[in-house]
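Take a look at the structure set out below.
Keep in mind that the numbers below use all heavy atoms, side chains included, and drop hydrogens, waters and symmetry copies. Counting convention: from 1, in listed order, for ligands and their atoms alike. All figures in this text were calculated on a predicted structure; none of them were measured in a lab.
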Amino acid sequence: MSAPAQPPGRPHGQPSGLPMVRIRAVRKRFGPLEVLKGIDLDVPAGSVVCVVGPSGSGKSTLLRCVNRLETIDSGRIWVNGELMGYAERGGRLHALRPAELSRQQRGIGMVFQRFHLFPHRTAIENVMEGPVTVLRTPAAQARRQAAELLERVGLADRAHHYPAQLSGGQQQRVAIARSLAMRPSLMLFDEPTSALDPELVQEVLAVMRDLAASGMTMMVVTHEMSFAREVGDQLVFMDDGVVVERGDPREVLAAPRHDRLRAFLGQVL
Ligand SMILES: Nc1ncnc2c1ncn2[C@@H]1O[C@H](COP(=O)(O)OP(=O)(O)OP(=O)(O)O)[C@@H](O)[C@H]1O
Ligand SMILES: [Mg+2]
């Protein structure tokens, strides 16, 4: 399969129906602790799934299994039609070679709570890094694309600033631009606004909202319920390694069916 392409742009809220991510019966344990206890989840291409749940419920682990930063103990995960981490031949699973796994992982962008920018590189150099070193994009072209991406996240005028010269919200927007520079077909966000001062949260959510509107497929772990309500196509509530409740965010938030979700919402809303 060729390099993962961005899904065709389409108005948000009209996913194509094809799953970009398909998760089936996924289990994961760390030693004696079973953290994911049989997760099934589909993320249609072009849609946004918001994952919420109490601390320790397995949200980050689930995202990390999707891009195979963690291996899974059983079950299957497909991204963009490809089984993550394995080739299936004659009914047998064969672990992918590292180069093949890296190719799969390159198609999946991930943004964390902490930004992990290179401190000694400017914003634009941070965004260019992946395309130049991994995709072998010529520097001039990578620089043009990086400038466009910085403009897209509202940072055209900060291109030559170092991370220490940027606010947390600006650094997180550079981190998003840096992920997008690899032209992912899926973006994973793990509490991207949790480390930010409250006044900086909205500028990052606005960038994520634009990205969703452009047709990007997104899995977003967040405590921002208004974002989930406005932007999410699906809300998934996890507790203790299982999906307890899921559905249209507006319906789920207006009328949660499970006590555990009601209790959780009572704490975060
Ligand atoms: N590498 C690891 N080794 C051992 N235990 C781990 C590891 N990573 C996560 N865990 C444990 O797995 C459980 C789920 O962790 P995870 O980070 O997925 O939860 P979470 O829902 O993202 O929580 P939070 O809201 O605090 O980020 C926790 O009990 C955690 O301590
Ligand atoms: Mg987490």
Side-chain angles (χ1 to χ4, degrees), residues 21-43 48-77 79 84-85 95 101 105 108-117 168-169 171-172 175-176 179 184 186-198 200-201 204-205 208 217-229 231-232 234-247 249 252-253 256 258-269:
V21 183
R22 174 172 292 226
I23 299 173
R24 287 293 176 276
V26 164
R27 291 181 174 268
K28 171 71 182 172
R29 56 169 61 245
F30 293 110
L33 180 68
E34 193 168 30
V35 175
L36 300 177
K37 302 177 180 172
I39 304 286
D40 294 293
L41 181 63
D42 276 351
V43 184
V48 176
V49 171
C50 293
V51 181
V52 303
S55 181
S57 56
K59 306 178 299 293
S60 296
T61 303
L62 180 63
L63 286 195
R64 293 168 59 81
C65 288
V66 168
N67 67 357
R68 220 171 163 79
L69 290 177
E70 298 284 358
T71 57
I72 58 180
D73 298 325
S74 61
R76 305 250 163 124
I77 299 177
V79 175
M84 285 302 291
L101 180 59
Q105 289 174 320
I108 305 173
M110 185 147 184
V111 174
F112 303 87
Q113 194 170 336
R114 298 262 162 216
F115 333 115
H116 306 298
L117 296 176
Q171 290 182 59
Q172 192 60 302
I176 293 172
S179 278
L186 167 68
M187 285 287 288
L188 308 176
F189 292 88
D190 194 355
E191 302 201 36
T193 60
S194 299
L196 299 176
D197 292 336
L200 303 178
V201 168
V204 173
L205 293 180
M208 293 169 61
T217 311
M218 298 164 50
M219 289 183 76
V220 184
V221 174
T222 184
H223 293 302
E224 296 290 334
M225 293 302 158
S226 55
F227 178 86
R229 194 183 285 114
V231 182
Q234 232 187 122
L235 184 76
V236 170
F237 172 63
M238 286 179 68
D239 194 9
D240 200 19
V242 297
V243 173
V244 174
E245 191 162 336
R246 71 178 88 204
V252 170
L253 292 171
H258 291 80
D259 291 341
R260 286 198 272 176
L261 176 53
R262 271 194 291 274
F264 172 75
L265 292 175
Q267 285 166 2
V268 295
L269 286 177

key: Best match, Gly58, Ser194, Ser55, Gly241: closest heavy atom to atom 24 (P) of ligand 1   = Ser55
message = Looking at non-hydrogen atoms alone, which of Asp190, Leu69, Thr61 comes nearest to atom 18 (O) of ligand 1?
response = Thr61
task = Tell me, please, if Ser55 has any N/O/S atom, main chain or side chain, under 2.8 Å from the Mg ion (ligand 2)?
result = no
message = Quiz question for you: does at least one protein heavy atom lie closer than 4.0 Å to atom 9 (C) of ligand 1?
response = yes
message = Can you check atom 5 (N) of ligand 1: any protein non-hydrogen atom closer than 4.0 Å?
response = yes
request  = Please identify which atoms of ligand 1 are closer than 4.0 Å to at least one heavy atom of Pro54.
outcome  = 21 (O)
request  = Output the list of atoms in ligand 1 that are nearer than 4.0 Å to some heavy atom of Ser57, sorted by atom number.
outcome  = 19 (O), 21 (O)
Considering heavy atoms of the protein only, find what lies nearest to [atom] and give residue, atom and distance to 0.1 Å.
atom                    : answer
atom 27 (O) of ligand 1 : Glu191 OE2, 3.6 Å
atom 17 (O) of ligand 1 : Ser60 CB, 3.7 Å
atom 31 (O) of ligand 1 : Leu33 CD2, 4.8 Å
atom 12 (O) of ligand 1 : Val35 CG2, 3.2 Å
atom 1 (N) of ligand 1  : Phe30 CE2, 3.5 Å
atom 25 (O) of ligand 1 : Lys59 NZ, 2.7 Å

Decide yes or no for [X] and [Y]: does some side-chain heavy atom of the first lie under 4.5 Å from some side-chain heavy atom of the second?
X      : Y      : value
Leu261 : Asp239 : no
Met187 : Thr217 : no
Val220 : Val48  : yes
Val243 : Phe237 : no
Val231 : Met208 : no
Ile176 : Phe115 : no

task = May I ask you to decide whether Asp42 forms a salt bridge with Arg24, counting only side-chain N to carboxylate O separations under 4.0 Å?
result = yes
message = Quick test of your reading of the model: are Asp73 and Arg27 salt-bridged, counting only N-O distances below 4.0 Å?
response = no
message = Does the residue Gly56 have a heavy-atom contact with ligand 1, meaning some pair of atoms that are separated by less than 4.0 Å?
response = yes
query = Taking Arg262 for the side chain and Pro256 for the main chain, is one N or O donor matched with an acceptor at less than 3.5 Å?
reply = yes
ask   = Going through the distances and angles, do Asp190 and Arg114 end up as a salt bridge (charged side-chain N to carboxylate O under 4.0 Å, His left out)?
value = CA-CA 9 Å; Asp190 194 355; Arg114 298 262 162 216; over 6 Å; no
request  = Between Val221 and ligand 1, find which residue part has any heavy-atom pair under 4.0 Å and reply side chain, backbone, both or neither.
outcome  = neither
